[in-house]
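Here is how names work: the chains are called A, B, and so on, in the same order as the sequence lines, proteins then strands, and each is numbered from 1.
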2 protein chains.
Amino acid sequence: MHTTDQKEILSLAYYDHEDKVLLAVDCIIFGFDQEELKILLVKRGFEPEKGKWSLIGGFLKKEEDLDIAAIRVLHHLTGLHDIYMEQLYTYSKVDRDPADRTLSVSYYALIDIRKHDKELIKKNSAQWFSLKDAPNLIFDHNAMVERAMTRLRRRALSKPIGFELLPEKFTMRQLQKLYEAIMGKKLDKRNFISKFNSFDILIKLDEKDMSSSKKGAYLYKFNEEKYNSKVEEGFNFKI
Amino acid sequence: MHTTDQKEILSLAYYDHEDKVLLAVDCIIFGFDQEELKILLVKRGFEPEKGKWSLIGGFLKKEEDLDIAAIRVLHHLTGLHDIYMEQLYTYSKVDRDPADRTLSVSYYALIDIRKHDKELIKKNSAQWFSLKDAPNLIFDHNAMVERAMTRLRRRALSKPIGFELLPEKFTMRQLQKLYEAIMGKKLDKRNFISKFNSFDILIKLDEKDMSSSKKGAYLYKFNEEKYNSKVEEGFNFKI
DNA sequence: ACAAAAGTGTTCTACCTACACCCATGC
DNA sequence: GCATGGGTGTAGGTAGAACACTTTTGT
């Protein structure tokens, strides 16, 4: 590899006359509160557009790649490590940010809504909104949220990422409610459960969750090892 | 909107201490030559990695957004306008380009291989390669091609983008060969044709193509208006 | 005893897959 | 007349969709 000095020399030699730009990372953070999908938004504390709602973001630093920058931003707001996260799209309209030529790479993230650090969220004047009544966002952030929603819908059909939004132990009903929220439609509980059982990637526990009924509902865990080994053998998750 | 002067003032005020980076656009250009998928590569004429094969690319200019930059790069190499094109992913590893900190946004493009400007290609020392025997590429360009291929496969199943790779008039056999190339497997011709006919988005012409058989094969055109109006009514293209 | 959520199977339909023969023509 | 690619239909299997009643238990 090259040292910084060498790089500067090479850069001067080869790419000297090219334009440089500011690059931001913006994160769409999804959570699920047993009934609906929510996103975490911050009230902007600086100009431009101070006081308006926006996605949480930050600028890419010289020594980071984009994934690292997104992880930093997510950690800064939620206090969480090991967040499920995926790059979405790069927004580049010349006038998207009135203050300067800034491009933004969007990421979406899935977190267990009960696990975030409430103090940090307060400190950053952030707040959870259900997707239906989220406020209007600055710049092109509304479009980012829409694209994230579309991607999440597609991904959830072909990868078992839903579990990232649930607690470790969950009931079948919670899982179904989650998929209903993601897909935006009611599902038949018998079909849903037998589909999921046919995958054989859940562990049924002896415990029951008594919080939502008198009878109680069995709790399940996602068996990630089993899922991975089934994938090795050609298994294809498909809701 | 703001004038450039205002922008500079705002930028100094708000984003002054952030790092700026070079941003490139790299294009995976797909073509189809009746038998297999090909990509258009250029022999790099400048350092670093001069003389090696790479995707065609260029740096984003201050006054462009990314789509415009990609269109410029594509036009520069092929002479074509109105190319089908989609943004794929942004690559950002700190050391991906040894010369300087450069990020690259990849785009893939689909063109009718017979329509490109052969002079321009020669002038840019570019060449078509079938995917199987394409040379090793510089930086992370191999990964870009792989991601493009994955995306193309998925897209081709749910959107009728295959026609972008074919001449305006084509035979059913050509269409089938194209889908076989994209999906990497043989298809049954009866099933393929009856599936496509059930969509009812092709126009069967009275002309025949006599180049590949004595009997001749009917030529078809994609009926884009009909496709669009069917989509309006809820039709879902799904191979 | 009743309210409220949990749990459980079957039938019908639609789509996908596999499969084989005749046709038209140039040589 | 034969070799070459073009064109066409059907039957069986599989996966998805629709659908209703019994169980448990706290109040």
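Using a 4.0 Å cut-off between a side-chain N of Lys or Arg and a carboxylate O of Asp or Glu, Asp200(B) and Lys226(B) qualify as a salt bridge. Salt-bridge annotation for Glu86(B) and Arg155(B): present, with a side-chain N of the basic residue lying under 4.0 Å from a carboxylate O of the acidic one.
Residue Asp209(B) contributes atom CG, which lies 9 Å from atom P of dG6(D) at whole-angstrom precision. Going from atom NZ of Lys186(A) over to atom P of dC19(D) covers 16 Å, rounded to whole Å. Computed from coordinates, the Arg190(B) CZ to dC23(C) P distance equals 15 Å when rounded to whole Å. Distance CG (Leu175(B)) to C1' (dG7(D)): 15 Å, rounded to an integer number of Å. The CD atom of Gln176(B) sits 10 Å away from the P atom of dG6(D) (whole-angstrom rounding). In this structure, the OH atom of Tyr220(B) is 9 Å from the C1' atom of dG7(D), given to the nearest Å. Summarising the geometry, the separation between CZ on Phe192(A) and P on dA15(D) is reported as 19 Å, rounded to the nearest angstrom. Note: NZ (Lys238(B)) to C1' (dC16(C)) measures 15 Å, nearest angstrom.
Of the listed nucleotides (dT4(D), dA5(C), dG9(C)), dT4(D) has the atom at the smallest distance from the side chain of Lys214(B). Which of dC19(C), dG7(C), dT8(C) sits closest to the side chain of Lys215(A) comes down to dG7(C). Residue Asn191(A) places its side chain closer to dA17(D) than to any other of dG6(D), dA18(C), dA17(D). Comparing dT23(D), dT8(D), dT8(C) against the side chain of Lys189(A) picks out dT8(C) as the nearest.
Taking for each of Ile193(A) and Met210(B) the nucleotide of DNA chain C with the nearest heavy atom, the 5'-most of the two is the partner of Ile193(A).
Heavy atoms of other residues, nucleotides or ligands lying less than 6.0 angstrom from NZ of Lys118(B) number more than 12.
The phosphate of dA6(C) (OP1 or OP2) has a side-chain N or O of Arg173(A) nearer than 4.0 angstrom.
Remark: Ile203(B) CD1 to Lys169(B) NZ distance equals 11.0 Å, nearest 0.5 Å.
A centroid separation of less than 6.0 Å is found between the aromatic rings of Phe170(A) and Phe163(A).
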